[in-house]
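To start, the structure itself, in C-alpha cells.
Note on naming: letters A, B, ... go to the chains in the order of the sequence lines (proteins, then strands), and numbering restarts at 1 for each one.
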Amino acid sequence: MKPVRVRFAPSPTGYLHVGGARTALFNWLYARQKGGTFVLRMEDTDEARNTDQARQTIFDGLRWLGLDADEGPEQGGPCAPYSQSERQSIYALAIAALKAKGVLYPCFCSRERMSALRTTQEANKLPYRYDRLCRSLAPDAIAARLAAGEVPAWRLFVPEGKTVLNDMVRGEITVEHADIEDIILVRGEGTPIYNLAVVIDDHTMGITHVLRGEDHLTNCFKQIIIFRAMGWEVPAYGHLPLILGPAGEGKLSKRKHPEAALEHYQVRDFHAEAFINWLVLIGWSFDDKTELMTRAELVERFSIERVNKSGARLNIEKLVSMSGDYIRRMDSASVRAKVCFHLVKAGLIAEPLSAESERKVTAIAAAEHERLKAFGDIVEMSRWAFADDLPMEEKALKNLKKDPGNALMLRDWAATLCDPLPDSATMEGAARAFCEARGVGFGQFVHPVRAALTGRTAGPPLFDCVKILGVQHSQHRLLRGADLAHSAAS
RNA sequence: GGCCCCGUCGUCUAGCCAGGUCUAGGACAUCAGGUUUUCAUCCUGGUAACACGGGUUCAAAUCCCGUCGGGGUCACCA
C-alpha cells in the first residue's frame, strides 16, 4: 500500500481557528498512526496582509499542540516550497497542461455581464450559475479576441455526467454535473484560484488522504473533476463535521466568538494535552466510556470510521474540567514551573527570583494546585498574595464586620504568630485552642481571618494563606482587618 | 432559492451499518446529600434525550418514505 501523506493547509488569516486546529490534529493523528507523513502547507495566495505575523500564529499554535509537521515551510522537504505564494512557477506549468488538455477554456465575459446574468437568474428563481456562453466560442474567434488584447479568465470545462465521492466519513455522495458550475480557475492575470491551486498542490505533493472541514464538501466535486480530467490519481477524502458556535448558530467565526481562535486557549494556557484530548472528542469518540486518553493512546485508537457526521458545539466547561483534571495529575514541580512563569509574566514577581519569591511561588503552587483549571488563571487567583493594600471583596468585608468582637480577635491572634511559622496543621491546632480559650466557634474565627488576610471569601486553606504571606504580612493584614472591622463596629 | 450534509439528555457523545439483551450507557453542566475552616477536590444519589408522522416487522433509536428543523456551499476569496 502507498505510504500515507496527509496535509494541513491553513490560510494565514491572522489566527488559527479551533476547527483548523482540530483538522490539523486529525491529520496528524492519522499520519502518526499509519507511519505516514504530515505536511503543512500555507495557502497564502491572496491575503497579503501581515503574512509573516499570521504565519507565525499558525506555527505557534501547532507547536503548542505538539503537532509537528514532517514537511512544511519551516522544515522544508522534497516538495518544497510549501507556501502557495512561492509556487507560482509550478502553477504556471500545470495551467499550461490543463489548457492543452482542454480542461480549461477561456471566458471573456465581463463582470458586468456576470452580475446582470445573476440578477436575471435571481429574478427568475433559477440557480445562479454561469451560462457557459464562452464554451461555444469558435477557435478562431478566441484567437482573434486574444490577439485584440482581451484578457480572459479560464473556466473549468465541466463534462456531462456525475461524480460519485466515497467520503471516508460520510459515505457515498453523488452530484450531477448539471449542478456544477464552470467555475473560474485561472484569473485574468494568470494565477490559479484556490480550487485549482489545491488540486495542483495535492497532486504534486503526493497527498493520499485529505481530511478537512465539511465546508469544502462542495468544492470537492470540482476538484475531483480536475483530477480526473488530468488523469491524476484522486486522493481519498474525509469531510469532518463543522464546529458550531456555543449556541449552535452556524460555524464558529472569529468575529462573533473569541473562542474560535486557538490563541484564546493559549493565552489562558490550558493544559495542552488536555486541550488535545478535548479537541479530539469534538466529532470523534473511542467508545461509550473512555474519555481521558494520552497522545500515544490517541495515535493508536484514532479512526476515521468513528468520526461523526453532525456538527458539534463547543463545550468550554468540559475543557475547563478536563484541563483541571490533567493539572491535578501533574507533579508539583511542573505545576510550580508553570505558576512561576505566569507570575513573572504578569509582573507579580521579578526575575531573577529572590529567596522570598522562590518561597512564595512554591507555597502558592502547592496551595492552588488542585484548584487550577488553566495555568494562566493563577495570576488572578493569587493577586491577593502580592499587595497588602488590595481591595476587599464586599462579602469579605461583611464577614469582617459581622461580629463586634472580630477586631480584638484579629489583633490577639496576630500577636500569637511568630517567626518561623510552624506548618499548617500545627497552626490549625493552635488556632483551635485559641478559639476554644475565648469560647468562639472555629467558623467565627476562620471567616474574618480569611477576609483580613486575603480580602476574599474563597481560596486555599486558611493556614496555607498565612504561610504564603509570611508572618510579617499576615500580621500587618490582620491589624488592618481589625481596623476595618472596628470602624464598622463603632 | 438550487445543490449537498446532518438530526439520541442543556452540551459532547455510545448504541444505528449486521432490528430484540436499550425500562437508551458515559462525560461535562445542573440539583440533592456526605467529607471539609471557605473555595476546590473527593464520594453517593437524582433530574434529563431517541425531532415529528407514516410504513416494513412478531419486534425499530436502529430499516424505508415523507414532513419539520439545523448546517454547509453557490466570488477573477481561501
Side-chain angles (χ1 to χ4, degrees), chain A residues 9-13 43-47 84 107 109 111 114 118 121-122 124-129 151-155 165 167 170-171 173-176 178-181 183-195 197-198 213-221 239 241-242 244 246 248-251 278 281-292 305-306 308-322 324 328 368-373 381 395-396 399 428 431-432 435 441-447 449-451 454 456-463 465:
Chain A
S11 163
T13 53
E43 310 236 318
D44 58 353
T45 49
D46 198 61
E47 254 90 4
Q84 292 191 330
C107 171
C109 294
R111 289 170 206 250
M114 288 310 296
R118 190 188 167 118
Q121 287 171 158
E122 222 160 279
N124 296 322
K125 300 209 162 149
L126 291 167
Y128 342 117
R129 231 174 296 157
V151 185
W154 294 75
R155 289 183 183 273
L165 161 67
D167 194 274
R170 267 147 230 285
I173 304 168
T174 304
V175 171
E176 299 290 333
D179 292 318
I180 300 177
E181 182 177 17
I183 52 163
I184 289 176
L185 289 181
V186 180
R187 300 184 179 92
E189 63 196 77
T191 55
I193 291 301
Y194 167 77
N195 273 303
V198 178
E214 192 196 334
D215 48 343
H216 288 286
L217 193 54
T218 323
N219 286 328
C220 196
F221 293 90
H239 290 90
L242 258 21
L244 279 16
E249 73 294 20
K251 57 178 178 179
W278 172 72
L281 256 15
I282 300 176
W284 177 82
S285 65
F286 175 60
D287 61 16
D288 58 337
K289 300 225 161 58
T290 319
E291 289 207 326
L292 262 34
E305 297 72 48
R306 289 192 63 86
N308 276 150
K309 294 185 181 74
S310 48
R313 304 182 199 189
L314 244 30
N315 188 174
I316 308 285
E317 295 283 333
K318 185 141 180 170
L319 167 62
V320 170
S321 159
M322 274 193 152
R328 259 172 260 123
E368 300 285 23
H369 190 155
E370 67 173 12
R371 253 162 295 264
L372 259 191
K373 308 292 188 190
M381 284 166 79
K395 274 173 82 177
N399 286 343
E428 178 177 342
R432 284 190 188 272
C435 289
F442 197 52
Q444 289 172 273
F445 166 85
V446 161
H447 297 294
V449 172
R450 173 180 297 283
T454 72
R456 312 178 48 167
T457 56
L462 188 60
F463 303 102
C465 293

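In this structure, A:L462 reaches the bases: a heavy-atom distance under 4.0 Å links it to at least one base atom across the strands shown. Within the 4.0 angstrom heavy-atom criterion, only backbone atoms of the sugar-phosphate kind lie near A:G283; the bases stay farther away. At the heavy-atom level, A:N308 lies under 4.0 Å from the strands shown only through sugar-phosphate atoms. Heavy atoms of A:L281 sit under 4.0 angstrom from primed sugar atoms or phosphate atoms, though from no base atom. Residue A:R328 is classed as a sugar-phosphate contact, given heavy-atom separations below 4.0 Å to backbone atoms only. At the heavy-atom level, A:R155 lies nowhere under 4.0 Å from the strands shown. Contacts of A:G459 with the nucleic acid, taken as non-hydrogen atoms under 4.0 Å apart, include base atoms. A:T457 comes within 4.0 angstrom of a base, heavy atoms only. Nucleic acid contact for A:E370: base, since at least one base atom lies under 4.0 Å from a heavy atom of the residue. Across all strands, A:K373 comes closer than 4.0 Å only to sugar-phosphate atoms, never to a base (heavy-atom distances).
The separation between A:R371 atom CZ and B:C39 atom C1' is 6 Å, rounded to whole Å. Rounded to whole angstrom, the span from the CE atom of A:M114 across to the P atom of B:C76 amounts to 7 Å. With rounding to whole Å, A:I193 atom CD1 is found 12 Å from B:C74 atom P. Counting to the nearest Å, the P atom of B:A29 and the CG atom of A:L319 are 12 Å from each other. Rounded to an integer number of Å, the gap from CD of A:Q121 to P of B:A75 is 11 Å. Remark: P of B:C12 and CD1 of A:I316 are 12 Å apart, rounded to the nearest angstrom. Separating the CG atom of A:L165 from the P atom of B:U73 is a distance of 17 Å, rounded to the nearest angstrom.
The main-chain N or O of A:R450 is found under 3.5 Å from a side-chain atom of A:T454 such that the two form a donor-acceptor pair.
Separating the C1' atom of B:A51 from that of B:C58 is a span of 27 Å, rounded to the nearest Å.
Among B:A40, B:G72, B:G15, the nucleotide with an atom closest to any side-chain atom of A:R306 is B:G15. Distance from the side chain of A:L217 is smallest for B:C4 among the nucleotides B:U37, B:A78, B:C4.
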Strictly under 3.5 Å: I want the nitrogen or oxygen pairs between protein and nucleotides 6-11 of chain B, one per line.
unit_1 : atom_1 : unit_2 : atom_2 : d
B:U11  : O2     : A:N315 : OD1    : 3.4

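By the 5.5 Å and 30° criteria, A:Y128 is stacked with the base of B:G1.
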